[in-house]
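Quick notes on the structure that follows.
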Amino acid sequence: MAKELSSREDNYSQWYTDIVTKANLAENSAVRGCMVIKPYGYAIWERMQGALDKMFKDTGHENAYFPLFIPKSFFSKEASHVEGFAKECAVVTHYRLKNDENGKGIVVDETAKLEEELIVRPTSETIIWDTYRNWIQSYRDLPLLINQWANVVRWEMRTRLFLRTAEFLWQEGHTAHSTRQEAIEEAEQMLRVYAEFAEEWMALPVLKGVKSANERFAGAVETYCIEALMQDGKALQAGTSHFLGQNFAKAFEVQFLSKENKLEYVWATSWGVSTRLMGALVMTHSDDNGLVVPPKLAPIQVVIVPIYRNDEQYKAVCDKGREIKKQLEAVGIRVKLDDRDTQKPGFKFNEWEFKGVPVRLAIGPRDLENGTVEMARRDTLEKEVLQMQDIEQKLLHLLEKIQKNLYQKALDFRTANTFKVDTWAEFIEQIEKGGFIYAHWDGTAETEQKIKDETKATIRLIPIEGEKEEGKCIFTGNASEQRVVFARAY
RNA sequence: CGGGGCAUGGCGCAGCCCGGCUAGCGCACCUGCUUUGGGAGCAGGGGGUCGCAGGUUCGAAUCCUGCUGCCCCGACCA
């Protein structure tokens, strides 16, 4: 077991924090609730961004950037939207500081009060729809398919690195369409994009569905979501895609002339994923030896550790290491040769293992003689001595295998922790053990709220895949059209 | 905002109850030598005035008052 790492069993949340901080992903900053994302963590986020950005562009979207500040009045234009976010907004009220008259430090200059306060964006629907009004006149201007990479601020009471921070990084797509159907298709398409990203890149199996009215995004008509199951049995919302109907178009008067020369309101969607995905990544694959990063997202896929006893050997082994590095890079593998002379091999083994590098190669004098290299996999911790020939092909296949294995492990875990429950007694018992619970619900917000009050479980989603089965609500016994997924959530 | 806890080198802590010489330990850091196939050993060394502001006292990390910050649990949330 790794030094100074709590185990998942002893203290899951401490284990999570240990991994994030000790693997150098992020740390708490001097600013309450705000984190510093460190280079290694940011490198993983950049890889996520890169993959997502390409998927967005492949589906016809373009990037743009809107202001960090939103005039307060914009917020009140969409009633349910303001209600959803009002309690967690940072507000800018002044624009100048001055020296304290009593000589100590600096104070807000009360004479420099803003005419209208500015809200630090918790999400950008309002400023974007206010802007879209001027961009859209005709059906020829539609669809408008735009994404923004940005930071947003939500003044949370309690924060946790990546999972919930006062400021976080994300992308938010905001699209405008001429028909209801087209907007719904867009929202559903982006949900599929998110699910594909989660599964293909993050090796994170997700359920797809829609939210109940209670859990719906403030201002949305329908909220689609992907949900993943973490190793402690709690659910994590990994991404959302909203069909906004004409709510924002009406609030911000965004109308267009149709082919039939009729003035109509635009149909909207918005969709986003955030640095929270980093938290999902950690909690899905990592173990008591540290972080595990899937090969497709790993900033370093293969690390080479030289073994030597003297300067002569150091040189020979590093030369070989550089040669291997070149070979691997030629087929697109990201490689680091750890030629630091200041740390011992054992130290390096543990360090890279803790940082979750998928594959480690160790080369020593023995290997130079035999034409071999020692390979160690992070996912299984297995070691094997490989012959050098075709090493790049062997590693390409190995990385693919590791990616698949991580997904399969996560999927097996989810399967083993997914249950069907038909009675209230069973439900109460199972919810304590964690996992996804498929159960019948009568479809009312009241019942959902009562279940939440009594068990802390929420409806994570109403599935949109698989066969539907009628039944009776576990709480009220009333008729139910289909099972929904309950869990305790982050 | 309700309940609990903590503030002492970069990190983790001891000392406080019962005030008293130069504030101590582990890790990390620096130098040297020996080491290097799973977190090296030895020797030497640098770094803190004890969250802030008052008070009590000959004397305060230690006692008293006020303030501030942080962490954990709850309600809220991507």
Side-chain angles (χ1 to χ4, degrees), chain A residues 1-5 11 13-14 17-18 21-22 27-33 83-89 104-105 122-123 150-172 194 211 214-218 220 223 225-228 235-242 270-280 289-290 305-311 313-314 317 338-354 360-370 372-376 381 383 385 452-453 456 458 460 489-490:
Chain A
M1 199 212 283
K3 215 183 189 178
E4 292 166 21
L5 172 64
N11 187 343
S13 87
Q14 188 59 47
T17 306
D18 282 351
T21 56
K22 292 177 180 170
E27 63 188 27
N28 278 310
S29 71
V31 186
R32 179 200 185 93
E83 196 181 319
F85 287 102
K87 282 181 285 181
E88 50 185 32
C89 286
K104 288 243 165 161
T123 180
N151 58 338
V152 287
V153 169
R154 296 181 189 177
W155 212 262
E156 300 289 352
M157 295 294 203
R158 289 191 55 206
T159 59
R160 291 191 66 192
L161 293 168
F162 288 123
L163 296 175
R164 187 179 307 114
T165 46
E167 178 192 13
F168 55 94
L169 305 185
W170 77 345
Q171 59 69 215
E172 45 183 326
Y194 286 155
K211 288 293 186 193
N214 276 359
E215 300 276 329
R216 203 173 280 152
F217 175 75
T223 288
C225 66
I226 52 173
E227 290 278 333
L236 184 85
Q237 179 171 305
T240 49
S241 177
H242 314 290
S270 69
W271 28 275
V273 296
S274 72
T275 36
R276 176 177 245 204
L277 289 178
M278 293 286 294
N289 295 297
V305 177
I307 315 282
Y308 52 90
R309 286 172 189 282
N310 51 47
D311 287 354
Q313 287 184 350
Y314 175 73
V317 173
D338 187 356
D339 57 1
R340 285 177 297 176
D341 191 27
T342 51
Q343 315 290 347
K344 290 177 51 172
F347 179 92
K348 295 178 183 177
F349 289 175
N350 281 287
E351 179 174 342
W352 294 115
E353 200 163 283
F354 196 90
R360 181 185 74 234
L361 299 179
I363 328 169
R366 221 152 60 200
D367 298 300
L368 291 188
E369 263 175 51
N370 303 336
T372 57
V373 61
E374 183 193 82
M375 178 282 292
L381 298 172
K383 283 200 244 187
V385 175
K452 184 178 177 182
D453 291 344
K456 293 180 196 160
T458 49
R460 299 322 302 157
Y490 274 97

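Since we're looking at a predicted model, the values are computed, not measured. All chains are named by letter (A, B, ...) in the order of the sequence lines, taking the proteins before the strands, and each is independently numbered beginning at 1.
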message: Looking at Lys344(A), I'd like to know whether one of its side-chain N or O atoms comes within less than 4.0 Å of OP1 or OP2 on A40(B).
response: yes
message: I want to check something: taking the side chain as every heavy atom from C-beta on, are Glu215(A) and Thr223(A) in contact at a cut-off of under 4.5 Å?
response: no
- request: For G5(B) versus A78(B), give the span between their P atoms, rounded off to a whole number of Å.
  value: 33 Å
query: Can you tell me how far C1' in A61(B) sits from the matching atom in U57(B), rounded to whole Å?
result: 16 Å
message: From CD of Glu27(A) over to C1' of G10(B), roughly how many Å is that when rounded to an integer?
response: 11 Å
- request: Quickly work out the Leu161(A) CG to C70(B) C1' distance and round it to whole Å.
  value: 14 Å
task: Calculate the interatomic distance between Glu156(A) atom CD and A78(B) atom C1'; express it in whole Å.
output: 8 Å
- request: Determine yes or no for a side-chain-to-main-chain donor-acceptor pair under 3.5 angstrom, with Arg154(A) supplying the side chain and Glu88(A) the backbone.
  value: no
- prompt: Is the aromatic ring centre of Phe168(A) closer than 5.5 Å to the centre of the six-membered base ring of A78(B), with the two planes inclined by less than 30°?
  reply: yes
- request: For the side chain of Arg164(A), starting at C-beta, report the closest nucleotide among C77(B), U36(B), A78(B).
  value: C77(B)
- prompt: Hey, are Glu227(A) and Lys211(A) close enough for a salt bridge, meaning a charged N less than 4.0 Å from a carboxylate O?
  reply: yes
task: Runs of at least three consecutive Watson-Crick or G-U pairs, both distances under 3.5 Å, are what I'm after; which ones involve RNA chain B?
output: B:1-7 with B:68-74, B:10-13 with B:24-27, B:29-34 with B:40-45, B:51-55 with B:63-67
task: Please determine if a side-chain N or O atom of Arg309(A) lies less than 4.0 Å away from the OP1 or OP2 oxygen of U36(B).
output: yes
- line: With the side chain defined as heavy atoms from C-beta on, Glu88(A) is closest, among C77(B), G37(B), G39(B), to C77(B)
- line: Considering only heavy side-chain atoms of Thr165(A), the closest of G39(B), A78(B), G38(B) is A78(B)
- prompt: Separation of Tyr314(A) atom OH from G37(B) atom P, in whole Å?
  reply: 15 Å
statement: Tightest non-hydrogen contact, residues Pro365(A) and Val317(A), listed as N-CG2, 4.2 Å
message: Using the side-chain heavy atoms of Asn350(A), tell me which of these nucleotides is nearest: A78(B), A40(B), G39(B).
response: G39(B)
- prompt: Of all residues at least two apart in sequence or in a different chain, which pass the salt bridge (charged side-chain N to carboxylate O under 4.0 Å, His left out) check with Asp338(A)?
  reply: Arg340(A), Lys348(A)
- prompt: Considering only heavy atoms and no angle criterion, is a donor-acceptor pair shorter than 3.5 Å present between the side chain of Glu351(A) and the base of G39(B)?
  reply: no
message: Ignoring hydrogens and geometry beyond distance, is the side chain of Lys383(A) in donor-acceptor contact with the base of G38(B) at under 3.5 Å?
response: yes
field: Touch class at under 4.0 angstrom, heavy-atom based, for Gln343(A) against every strand present
entry: nothing
message: Does Asp367(A) reach a base, just sugar-phosphate, or nothing at all? Heavy atoms under 4.0 Å.
response: base
task: Using the C1' atoms only, state how far G48(B) lies from G26(B), rounded to an integer number of Å.
output: 16 Å
message: Can you measure Asp341(A) atom CG to U35(B) atom C1' for me and round it to whole angstrom units?
response: 11 Å
- request: Among G37(B), A78(B), G38(B), find the nucleotide with the atom closest to the side chain of Arg366(A).
  value: G37(B)
query: How is Arg340(A) classified with respect to the nucleic acid when contacts are heavy atoms under 4.0 Å: base, sugar-phosphate, or nothing?
result: nothing
- prompt: Distance between the C1' atoms of U8(B) and U62(B), in whole angstroms?
  reply: 12 Å
- request: Report the relative orientation of the aromatic rings in Tyr314(A) and Tyr308(A); use parallel for angles under 30°, tilted for 30 to 60°, perpendicular for over 60°.
  value: perpendicular
- line: By salt bridge (charged side-chain N to carboxylate O under 4.0 Å, His left out), Glu167(A) pairs with (sequence neighbours left out) none
query: With rounding to whole Å, what would you report as the distance between A60(B) and A53(B) at their P atoms?
result: 15 Å
message: Ring of Phe168(A), cation from Arg276(A) - is the NZ or CZ under 6.0 Å from the centre and inside 45° of the axis?
response: no
field: Whole-angstrom distance between C50(B) and U31(B), as gauged at atom P
entry: 31 Å
query: From the list G39(B), G38(B), C76(B), which nucleotide is the closest neighbour of the side chain of Lys452(A)?
result: C76(B)
field: Separation of the P atoms in A43(B) and C25(B), to the nearest angstrom
entry: 14 Å
- prompt: Considering only side-chain heavy atoms of Pro345(A), which listed nucleotide, A78(B), G38(B), G37(B), is closest?
  reply: G37(B)
message: What's Gln237(A) touching, base or sugar-phosphate or nothing? Going by heavy atoms closer than 4.0 Å.
response: sugar-phosphate
- request: Starting at atom OH of Tyr308(A), determine the distance to atom C1' of G37(B), rounded to an integer number of angstrom.
  value: 12 Å
task: Taking atom C1' in both G46(B) and C6(B), compute the distance separating them and give it to the nearest angstrom.
output: 29 Å
